[in-house]
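All values below were derived from every heavy atom in this structure, side-chain atoms included, with hydrogens, water molecules and symmetry-related copies excluded. Lettering of chains follows the sequences in order, A, B, ..., and the numbering in each one begins at 1.
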Protein chains: 2
Amino acid sequence: MAKETNAKLSRREREIMDVIYRAGRATAAEVLDQLADPPSYSAVRALLRVLEEKGHLRHEEEGPRYVFAPTVPRARARQSALRQILHTFFDGSTEQAVAALLDLSSAKLSDEELDRLSRMIADARKEGR
Amino acid sequence: MAKETNAKLSRREREIMDVIYRAGRATAAEVLDQLADPPSYSAVRALLRVLEEKGHLRHEEEGPRYVFAPTVPRARARQSALRQILHTFFDGSTEQAVAALLDLSSAKLSDEELDRLSRMIADARKEGR
DNA sequence: CATACGATGCTGGTTTTTTAGCATAATAAT
DNA sequence: ATTATTATGCTAAAAAACCAGCATCGTATG
């Protein structure tokens, strides 16, 4: 059986996990710094401890301070996140989801990126066979 | 200024909003039915009331019962959700996100869907000019 | 009519979350 | 060496979330 990562996160805990996923790894001070609506430094540390107890974070001691990192790899966490959104907002339809993504940012996509996307789709097709 | 939808949702509140976004609209009983780890019927109703107070839901009276629906349209809510994920897990890169989506479900995509996706990308390209 | 059913309104209490404060250890600087 | 700085460990308590129960009202059914 896989290692337990008690999945139920409170709001603050979720916020903190998001910060750490963005940063890759972070100290308590860095987390505090990235929080939009920051509580006290102590509060952040308390939550980091809780998240570690729950199995979502681990820490390494780096000189005098703790650097926290997710136990669940980013790639895995984002798969879960995508699946969740797919289910809640897109009726499970990847096509709709991709459409929404393109719509969200079509202006910002370079021709090179669009080319690469085309190629990805072509490859997906080959694999399907 | 836009209407206030106090954004801070607790875990249960988030769960309930997800259920309602999936369903489009739902009664208290239906929400209860869809919850994985269901509390009492009363608890669900209490939360629905809170969500309405916070401005995330509105209700219509349908005969004797209330039918709840999101105040923020699904299309808008899912944009926010995508943006959030994009920022947290993909460093804002649409390309990476699409890649992950395809990877997640390439097996399940029909050729027709892949064709439509190709066309979407081609269209995005034209618009860009 | 009356009574069973299924809905809502409301209220109080328990549990969880969130928070700050204080004591202590290590590091760096004067 | 002393002192300032910046960590962590721990604890208690305020705040928020969560939940269940009871009263009430309307509708339908016998």
Side-chain angles (χ1 to χ4, degrees), chain A residues 4-71 84 88, chain B residues 4-21 23-72 84 88:
Chain A
E4 283 296 333
T5 54
N6 180 347
K8 304 306 191 74
L9 295 190
S10 72
R11 187 156 44 84
R12 265 297 193 219
E13 289 170 351
R14 177 81 273 152
E15 282 177 17
I16 290 181
M17 287 305 294
D18 282 353
V19 166
I20 295 185
Y21 270 116
R22 263 176 230 142
R25 56 207 297 280
T27 65
E30 288 164 351
V31 169
L32 179 62
D33 196 56
Q34 293 299 314
L35 283 177
D37 176 23
S40 74
Y41 178 65
S42 282
V44 171
R45 281 189 307 116
L47 286 170
L48 288 171
R49 235 177 308 128
V50 170
L51 283 168
E52 189 159 14
E53 276 165 24
K54 288 192 184 178
H56 287 92
L57 293 177
R58 62 188 167 69
H59 75 267
E60 286 165 17
E61 306 198 12
E62 197 152 288
R65 62 184 150 297
Y66 289 1
V67 182
F68 292 85
T71 54
Q84 160 70 19
T88 299
Chain B
E4 284 295 336
T5 54
N6 182 346
K8 303 307 190 75
L9 295 189
S10 71
R11 187 155 44 86
R12 265 296 193 219
E13 289 170 351
R14 176 83 274 153
E15 283 177 16
I16 290 180
M17 287 304 296
D18 282 354
V19 166
I20 295 186
Y21 270 116
R25 56 208 295 281
T27 64
E30 289 164 350
V31 169
L32 178 62
D33 197 56
Q34 293 298 314
L35 284 176
D37 178 24
S40 74
Y41 179 64
S42 284
V44 171
R45 282 191 304 119
L47 287 169
L48 287 170
R49 235 178 306 128
V50 169
L51 283 167
E52 188 159 15
E53 275 165 24
K54 288 192 183 177
H56 287 91
L57 292 177
R58 62 191 167 67
H59 76 265
E60 287 166 17
E61 307 197 11
E62 198 151 289
R65 61 183 151 295
Y66 290 2
V67 182
F68 292 86
T71 54
V72 174
Q84 160 69 20
T88 298

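- Under the 4.5 Å side-chain criterion, counting only non-hydrogen atoms from C-beta, A:R25 is in contact with A:E60.
- Sorted pairs that involve residues 39-48 of chain A and meet salt bridge (charged side-chain N to carboxylate O under 4.0 Å, His left out), not counting sequence neighbours, are lacking altogether.
- Annotation: the span from A:R14 atom CZ to A:L51 atom CG amounts to 9.0 Å, rounded to 0.5 Å.
- Positionally, the nearest nucleotide of DNA chain D for A:F68 lies more toward the 5' end than for the other of A:F68 and A:A46.
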**Message:** Protein within reach of the bases, or only the backbone? For nucleotides 21-30 of chain C, mark each nucleotide 5' to 3' as B, S or -, using heavy atoms under 4.0 Å.
**Reply:** B---------

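- Taking the six-membered ring where the residue is Trp, A:F68 and A:H59 present tilted rings, their angle falling between 30° and 60°.
- For B:E52 and B:R49, the salt-bridge test fails: no basic side-chain N is under 4.0 Å from an acidic carboxylate O.
- Protein chain A contacts DNA chain D over a range whose 5' and 3' limits, counting nucleotides with an atom under 4.0 angstrom from a non-hydrogen atom, are D:dA7 to D:dA17.
- An end-to-end axis angle of 10° holds for the helix from C:dC1-D:dG30 to C:dT30-D:dA1, taken from five base pairs per end and rounded to 10°.
- Salt-bridge annotation for B:E62 and B:R65: absent, with no side-chain N of the basic residue lying under 4.0 Å from a carboxylate O of the acidic one.
- Side-chain contact annotation: B:Q84 with A:D18, donor-acceptor N/O pair under 3.5 Å present.
- At a threshold of 4.5 Å between non-hydrogen side-chain atoms, the residues B:M17 and B:L57 count as touching.
- Shortest non-hydrogen contact noted between B:S10 and A:R11 is N-NE, 4.4 Å.
- Looking at residues 28-40 of chain B, you'll see that no heavy atom sits under 4.0 Å from any atom of DNA chain C.
- Contact between A:P70 and A:G24 at its shortest, heavy atoms only, is CD-O, 3.4 Å.
- Minimum heavy-atom separation, A:H56 to A:L9: CE1-CD2, 3.6 Å.
- Contact record, A:A26 with A:V31: CB-CG2, 4.0 Å, taken as the closest heavy-atom pair.
- In this structure, B:L32 and B:P38 approach most closely via the heavy-atom pair CD1-CB, 3.8 Å.
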Could you list, one pair per line, each protein nitrogen or oxygen that sits under 3.5 Å from a nitrogen or oxygen of nucleotides 12-17 of chain C, together with the distance?
none

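- Distance check: A:R12 CZ to B:K8 NZ gives 6.0 Å after rounding to the nearest 0.5 Å.
- Heavy atoms only, all atoms of each residue included: B:K54 and B:E13 are closest at NZ-OE1, 2.9 Å.
- For the pair A:Y41 and C:dT19, the criterion of a side-chain N or O lying under 4.0 Å from OP1 or OP2 is not met.
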